[in-house]
There are 2 protein chains.
Amino acid sequence: MDRIEAMRAFVAVVNEGTFTRAADRLDTSPQLVSKYVSQLEAHLGVRLLNRTTRRTHLTEAGTHYHQRAQQVLADIDDMENQLGNLQTQAQGLLRISAPVSFAIRHMAPLLSEFQKAHPAVGIDLQLNDRKVDILEEGFDIALRIGHLKNSSLIAKRLAPVRLVLCASPDYLKQHGTPQSPEELSHHRYLQYSYMDIGPGHPLQKWLQTQGRKSDGSMISNNGDVLVESAIAGAGVALQPTFIAGDAIKDGKLQVILPEYEPQPMALYAVYAHRQLLASKVRGFIDFVDGFFGKTPYWDQF
Amino acid sequence: MDRIEAMRAFVAVVNEGTFTRAADRLDTSPQLVSKYVSQLEAHLGVRLLNRTTRRTHLTEAGTHYHQRAQQVLADIDDMENQLGNLQTQAQGLLRISAPVSFAIRHMAPLLSEFQKAHPAVGIDLQLNDRKVDILEEGFDIALRIGHLKNSSLIAKRLAPVRLVLCASPDYLKQHGTPQSPEELSHHRYLQYSYMDIGPGHPLQKWLQTQGRKSDGSMISNNGDVLVESAIAGAGVALQPTFIAGDAIKDGKLQVILPEYEPQPMALYAVYAHRQLLASKVRGFIDFVDGFFGKTPYWDQF
DNA sequence: TTTATTATCAACTTTATATTGATAATCAGA
DNA sequence: TCTGATTATCAATATAAAGTTGATAATAAA
């Protein structure tokens with residue numbers, strides 16, 4: 001027995017006066033209403049209604065139960081409506097984790113446009129370059145850059161992320177512009193801590209050997225710093241275009257060995273499940289999907 | 001799906017932290033708990049829990065739902081407990097309808113002893129000689145005297161009700177003591193309005209003919225009055241011993257034609273149903289049953 | 001890596017549900 | 001008083017759901 005339905009049946013009988021009219025109102029048969037009320041009485045161990053074939057009368061217990069049951073049913077309905085609204089109206093707080101450098105440069109317009117479209121959604125944007133556990137830390141969505149390993153999470157590809165080797169024109173004038181990967185060995189590498197372009201790539205060997213040097217080399221876990229260093233002529237950086245794009249466009253950096261550009265990575269939105277997704281999450285995914293286009297503005301140089 | 005059980009499962013999972021422990025607490029299988037929560041989510045159209053194999057985390061919707069669901073469940077439990085107590089503890093107001101003359105003479109000690117045994121039960125005693133509709137008028141029990149027609153009501157026999165023909169010794173001295181029904185025709189009958197001893201009885205004919213006379217006859221719907229009149233020597237009365245008993249014992253009235261005494265009627269407790277009887281009603285029925293014994297005290301003359 | 005724990009799935013058995021038709025009780029009006 | 005209409009409930013059956021068991025994938029800890 002679904003006790004909630006049974007309670008609804010009982011309350012309907014009391015309010016409508018007869019089993020038949022209650023059945024009409026609940027879109028069911030009088031037999032079923034009768035059964036429901038009987039089961040409810042059996043469950044409670046109390047007679048709620050004195051019924052003849054022509055009329056029904058509440059017992060003392062029934063009077064008490066009716067009052068409170070009505071309240072409980074109203075509570076449940078209210079609760080479910082509230083959840084329904086939460087669901088359809090896209091409201092609540094959307095917690096997003098995003099990579100530091102990307103977020104600083106490119107997320108402000110995205111978020112402000114999203115909030116224009118969904119005014120009831122609050123946003124909590126946390127910048128992290130480590131791989132957060134979105135469930136454990138309570139994130140709705142994490143934006144990630146890289147080649148994703150398969151996991152139980154859903155990943156939606158949002159934009160390509162090109163990596164380019166680049167250095168300042170001044171630096172290249174001084175040290176020469178490499179024409180092949182081998183010539184790179186004479187250059188200083190501005191290394192990003194978590195860089196991984198995959199094994200087998202022509203540049204891979206250079207990246208690894210440079211990383212091991214300790215003579216005046218530079219490592220950072222922040223791409224902006226490395227790009228700024230490259231602009232200042234400190235060496236060669238392998239960085240995504242969403243960081244280096246502006247400097248390239250302005251002529252402050254020059255792309256080298258473009259024919260050896262690694263396979264592009266991608267920006268992903270990662271979230272926990274596909275079904276019964278809160279609409280604030282659904283809405284954000286849909287919104288950000290296609291926002292940057294196939295060739296994002298930062299790649300237009 | 002029983003939504004209440006599903007809510008209980010969800011709340012247990014949240015409070016216990018895992019599906020398995022929740023299942024332990026609810027004495028069921030983790031599979032079932034999982035199913036319940038899934039169904040609840042499907043019903044609500046919202047994901048309530050983000051779950052991995054190792055841990056569960058509430059969603060925003062889940063947090064809201066958990067709070068309110070806990071409240072609703074507590075409400076329901078409280079409501080049912082209250083009804084349970086009402087049921088087991090015999091409390092509430094017991095509404096009784098009883099015949100006027102009987103109640104006046106014999107119910108006070110019964111009721112006061114009953115209330116000693118069940119202090120939480122209040123009594124509303126309404127005196128009526130008409131046949132009340134106990135459901136329509138909201139009575140729990142009606143005491144009735146007579147031969148009951150079968151109906152949908154339950155009738156429990158409580159005591160025999162003997163009818164005796166009687167008159168005052170003075171009256172009999174003046175008019176003679178009848179030795180056969182035929183001799184009654186010379187006597188004045190103090191008639192009770194609703195008297196019916198059934199067809200075929202030797203006295204039946206006399207009762208009917210006397211009732212039609214209009215010369216100084218006496219009719220009342222109250223037996224006390226008729227008995228008082230008989231004591232005063234106004235005529236012969238056919239009245240129950242619970243009214244006339246005292247006067248007979250005191251010698252103020254004399255029984256005549258005892259060998260023609262009608263088949264005894266009975267005092268009945270009439271109530272609406274056998275199952276799920278409120279315990280105040282059950283308690284009263286049990287209490288009054290046997291209270292008067294096989295030969296009630298008013299018949300001991 | 002291996003082992004243990006956990007949530008969920010899938011298939012099945014058992015139980016409950018809802019539907020239909022029938023019945024007894026009651027009321028209204030003739 | 002009788003007939004027809006209304007009403008609650010019963011009984012039987014077809015359908016759907018619940019609950020059970022064993023298996024699987026994912027994760028955490030050893």
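Predicted model, so just to flag it, every value in this text is computed and none were measured. Sequence lines set the chain letters: A, B, ... in the order given, protein chains first and strands last, and positions in each chain run from 1.
Straight-line distance from the CG atom of A:Leu40 to the P atom of C:dT17: 13 Å, rounded to whole Å. One can place CZ of B:Arg47 at 11 Å from C1' of C:dA7, the figure rounded to the nearest angstrom. Rounded to a whole Å, the CZ atom of B:Phe10 is 14 Å from the P atom of C:dA7. Protein atom CG of A:Leu26 is 12 Å distant from nucleotide atom P of C:dA18, rounded to whole Å. In this entry the distance linking CG of A:Leu49 with P of D:dT7 reads 16 Å, nearest Å. With rounding to whole Å, B:Asp24 atom CG is found 14 Å from C:dA7 atom C1'. Across the protein-nucleic acid pair, B:Glu16 atom CD and C:dA7 atom C1' stand 16 Å apart, rounded to whole Å.
In this structure, the separation between OG on B:Ser97 and CG on B:Asp140 is 11.5 Å, given to the nearest 0.5 Å. To the nearest 0.5 Å, the span separating CG on B:Asn15 from CD on B:Gln70 amounts to 5.0 Å. Here the straight-line distance linking atom CG of A:Asn128 with atom CZ of A:Phe139 works out to 5.5 Å at 0.5 Å rounding. Rounding to the nearest 0.5 Å gives a distance of 12.5 Å between CZ of A:Arg95 and CD1 of A:Ile123. The distance from atom CD of B:Gln71 to atom CG of A:Asp75, rounded to the nearest 0.5 Å, is 7.5 Å.
Residue A:Gln263 places its CD atom among 12 or fewer non-hydrogen atoms of other residues, nucleotides or ligands, all under 6.0 Å distant. In the displayed structure, A:Arg25 atom CZ is contacted under 6.0 Å by at most 12 heavy atoms of other residues, nucleotides or ligands.
Note on A:Glu5: nothing from the nucleic acid sits closer than 4.0 angstrom, heavy atoms only.
OP1 or OP2 of C:dA7 has not a single side-chain nitrogen or oxygen of B:Thr56 nearer than 4.0 Å. A close approach under 4.0 Å does not occur between any side-chain nitrogen or oxygen of B:Ser34 and OP1 or OP2 of C:dC9. Between A:Tyr36 and C:dT17 there is no side-chain polar atom (N or O) within less than 4.0 angstrom of OP1 or OP2.
From one end of the helix from C:dT1-D:dA30 to C:dA30-D:dT1 to the other, with five pairs defining each end axis, the axis direction shifts by 30° (rounded to 10°).
Residue pairs meeting the ring pair (Phe, Tyr, Trp, His ring centres under 6.0 Å) criterion with at least one partner in residues 48-83 of chain B, sequence neighbours excluded, are B:Phe10-B:Tyr65.
Comparing A:Asp2 and B:Arg51 by the nucleotide of DNA chain C whose heavy atom lies nearest to each, the residue mapping closer to the 5' end is B:Arg51. Comparing B:Val33 and A:Gln39, the nucleotide of DNA chain C nearest to each residue sits closer to the 5' end for B:Val33. Along DNA chain D, the nucleotide closest to A:Asp133 and the one closest to A:Gly17 are compared, and the more 5′ of them pairs with A:Gly17.
Between B:Asp77 and B:Arg8 there is a salt bridge, since at least one side-chain N of the basic residue sits less than 4.0 Å from a carboxylate O of the acidic one.
With hydrogens and angles ignored, the 3.5 Å screen pairs a side-chain donor or acceptor of A:Thr56 with a backbone N or O of A:Gly17.
Proximity note for A:Thr18 (side chain, C-beta onward) versus D:dA8, C:dA7, C:dT8: the nearest is D:dA8. If you check C:dA7, D:dA8, D:dG19 against the side chain of B:Phe19, the one that comes closest is C:dA7.
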Sub-3.5 Å pairs of nitrogen or oxygen atoms, protein against nucleotides 20-24 of chain D:
| residue | atom | partner | partner atom | Å |
| --- | --- | --- | --- | --- |
| D:dG22 | O6 | B:Gln31 | NE2 | 2.7 |

